[in-house]
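Only one structure is covered here, and it is reproduced in the block below.
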Amino acid sequence: MTRVFDDDLALGFGTRAIHAGQRPDPMAGAIMPPVFLTSTYVQQGLGENKGYEYARTQNPTREVLERNVAALEGARHGVAFSSGVACVDSLMRLFKAGDHIICGDNVYGGTYRLFERLYRNFGVEFTFVDTRDAQRIADARTKKTVAVIVETPTNPMMRITDLKAAAEAAHAGGALLIVDNTFATPFFQRPFERGADIVFHSTTKYLNGHSDMVGGIALMNDDELAQRVQFIQNGAGAVPSPFDCWLAVRGTKTLHLRMPRHDANGRAVAQWLATRLGAERVIYPGLESHPQHKLAKCQMTGFGGMISVETGSKEKADAVLRRVRIFSLAESLGGVESLISHPASMTHASVPVERRAQLGLTDGLIRLSCGVEEQADLLADVEHAFSIL
Ligand SMILES: Cc1ncc(COP(=O)(O)O)c(C=O)c1O
């Protein structure tokens, strides 16, 4: 089980980002963690080894990532996986047929698909609720409820769940609160301080920040829970490659530098769009017009670079998407480069049409991931692309 280095937790966020979980390599003193490209480790005798036996079970580069992100979230343990979805899949193996899970109704499309299309087949029951209202969590709870899973802000409707209220509602029934903190990152939002039991990330996004790997990670404080998740990591085997772990660690070193820039660009682009198109068409928690702006301000220390915009129709969305020059039409988010996407046909295509309609996830909705380019260039790009509306 990978446990954070305790003295890392006393450091400031930026120092943790750069150093947590990492000690100069004992052989050569390399300042960067070595990439341990090995499938196995030589043992001295039966039951005698250096703590490493087989690379699915343990890998030192993976442990660096696990300790680093655990320190950033202020958690004791980290367990890394081969993708964000593999991380959720592995967390689901904590549960069994007959268990009931309450899940936010606007989670990432792949999370929804995993639950609806795969885990239902194994007898796990799900209730999807609007977790903006914690009472709905309480109302959905049954004697069999084992976990409440929320994403905040949500992808792509930017809904905010009050994490403290969600934790109270989950814990009142003895369930775990599991939080997807991919959008906000630990730089802007600290779910453990509000009662979360497990926090997870698609490291593919802001943590890596450079769009050059796919990965996931779960963080937790409870030793026994961490032991169970690590057992699943080895037992089910959805482990990340050492090189992908290294890329993620290189990314987290600059998380505290990138996030303020994503945030500044996000605010400026959202403000420009709201002024040009009308605030009701722009969904960004940093705008005062966002119905949960007050809660977002209290729960987050910044709002990041994710914005959703209602263009009015699929044709208009397509026309905008074809006009951008710096924003690139692509799935994913959180990289240094700005991306733009069409959730209904891309990230959330697996969500049934009726459910998308209930959420307001229309065919005219566009999602922007503002990168860290020069703000003036992003504003000019947006102005050019959206001028046709
Ligand atoms: C909020 C959120 N959670 C989880 C995932 C899944 O992560 P991955 O694509 O690394 O499997 C995504 C992917 O887009 C996401 O946006």
Side-chain angles (χ1 to χ4, degrees), residues 1-8 16 18-73 75-94 114 118 198-204 207-208 210-253:
M1 181 167 65
T2 311
R3 193 182 196 291
V4 76
F5 294 139
D6 284 340
D7 46 353
D8 285 344
R16 286 187 212 189
I18 295 166
H19 296 290
Q22 298 159 66
R23 300 290 181 261
D25 128 73
M27 193 184 102
I31 189 74
M32 282 300 287
V35 187
F36 283 87
L37 292 172
T38 188
S39 57
T40 193
Y41 308 89
V42 177
Q43 308 193 28
Q44 288 68 57
L46 286 185
E48 201 186 319
N49 55 59
K50 296 183 191 317
Y52 298 91
E53 294 149 311
Y54 186 62
R56 173 167 26 80
T57 322
Q58 310 106 339
N59 182 282
T61 318
R62 189 170 89 209
E63 289 171 357
V64 168
L65 173 64
E66 292 172 335
R67 289 197 172 98
N68 179 261
V69 181
L72 291 178
E73 281 286 4
R76 252 206 303 271
H77 304 284
V79 190
F81 297 95
S82 54
S83 69
V85 165
C87 176
V88 185
D89 177 60
S90 294
L91 291 175
M92 287 304 297
R93 292 160 198 258
L94 289 166
L114 177 71
L118 296 173
I198 299 178
V199 173
F200 73 90
H201 287 268
S202 163
T203 50
T204 318
L207 293 187
N208 162 268
H210 294 76
S211 308
D212 52 16
M213 49 75 70
V214 171
I217 194 162
L219 304 314
M220 58 234 98
N221 278 307
D222 185 80
D223 294 343
E224 196 246 316
L225 191 57
Q227 236 155 22
R228 289 171 64 203
V229 176
Q230 199 177 32
F231 180 83
I232 296 165
Q233 181 194 42
N234 181 49
V239 293
S241 83
F243 188 56
D244 283 347
C245 293
W246 187 89
L247 287 169
V249 166
R250 189 173 63 167
T252 58
K253 283 179 186 288

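Values in this document were obtained by computation on a predicted structure and should not be read as measured data.
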From CA spacing to verdict: side-chain contact (heavy atoms from CB on, under 4.5 Å), Trp246, Met213: CA-CA 10 Å; Trp246 187 89; Met213 49 75 70; over 6 Å; no

What's the verdict on side-chain contact (heavy atoms from CB on, under 4.5 Å) for Arg67 and Gln22, showing C-alpha distance, side-chain angles and the deciding distance? CA-CA 8 Å; Arg67 289 197 172 98; Gln22 298 159 66; over 6 Å; no

Show your working on side-chain contact (heavy atoms from CB on, under 4.5 Å) between Leu91 and Val229 and close with a plain yes or no. CA-CA 7 Å; Leu91 291 175; Val229 176; 4.1 Å; yes

Determine whether Leu219 and His201 satisfy the following criterion, side-chain contact (heavy atoms from CB on, under 4.5 Å), listing intermediate values before the conclusion. CA-CA 9 Å; Leu219 304 314; His201 287 268; 3.9 Å; yes

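Of all heavy-atom pairs spanning Ala248 and Leu65, the tightest one is CB-CD1, 3.7 Å. Leu225 and Ile198 make their closest contact through CD2-CG1, 3.7 Å (heavy atoms, listed as atom of the first residue, atom of the second, distance). Minimum interatomic distance between Arg23 and Asp7 (heavy atoms only, all atoms of both residues): NH2-OD1, 3.4 Å. Closest heavy-atom contact between Phe81 and Ala218: CE1-CB, 4.3 Å. Summarising the geometry of Ala71 relative to Arg16, their closest heavy-atom pair is O-NH1, 2.6 Å, with the distance given to 0.1 Å. When all heavy atoms of Val239 and Arg62 are compared, the closest pair comes out as CG1-NH1, 3.4 Å.
Taking Tyr41 as the reference, Tyr52 meet the ring-ring contact (aromatic ring centres under 6.0 Å, His included) condition, with sequence neighbours excluded.
A donor-acceptor pair is defined here as one N or O able to donate and one able to accept, closer than 3.5 Å; no such pair exists between the side chain of Asp223 and the backbone of Ala226. Looking at Glu63, its side chain never comes within 3.5 Å of a backbone N or O of Gln58 through a donor-acceptor pair. Side chain of Gln233 to backbone of Ala80: a donor-acceptor contact under 3.5 angstrom is found. Thr40 contributes a side-chain N or O that, together with a main-chain N or O of Glu53, makes up a donor-acceptor pair within less than 3.5 Å. Judged by distance alone, the side chain of Asp244 and the main-chain N or O of Ser82 form no donor-acceptor pair under 3.5 Å. A donor-acceptor distance shorter than 3.5 angstrom exists from the side chain of Thr61 to the backbone of Pro34, with no hydrogens or angles considered. The closest donor-acceptor contact from the side chain of Thr204 to the backbone of Gly215 lies under 3.5 Å.
Here CG of Asp212 is found 7.5 Å from CZ of Phe243. Values are rounded to the nearest 0.5 Å. Taking CG of Leu247 as the reference point, atom OG of Ser211 lies at 11.5 Å (rounded to 0.5 Å). Rounded to the nearest 0.5 angstrom, Leu94 CG and Ile232 CD1 are separated by 4.0 Å.
Using a 3.5 Å distance cut-off with no hydrogens or angles, the side chains of Gln230 and His77 do not pair a donor with an acceptor.
Each of Asn68, Thr203, Ile18 was checked for a side-chain contact (heavy atoms from CB on, under 4.5 Å) with Thr252, and the lone residue meeting it is Asn68.
The closest side-chain heavy-atom distance from Asp25 to Met27 is below 4.5 Å. The side-chain heavy atoms of Asn59 and Cys245, taken from C-beta on, include no pair separated by under 4.5 Å.
By the 6.0 Å contact criterion, CZ on Arg3 is enclosed, its count of non-hydrogen atoms from other residues, nucleotides or ligands being greater than 12.
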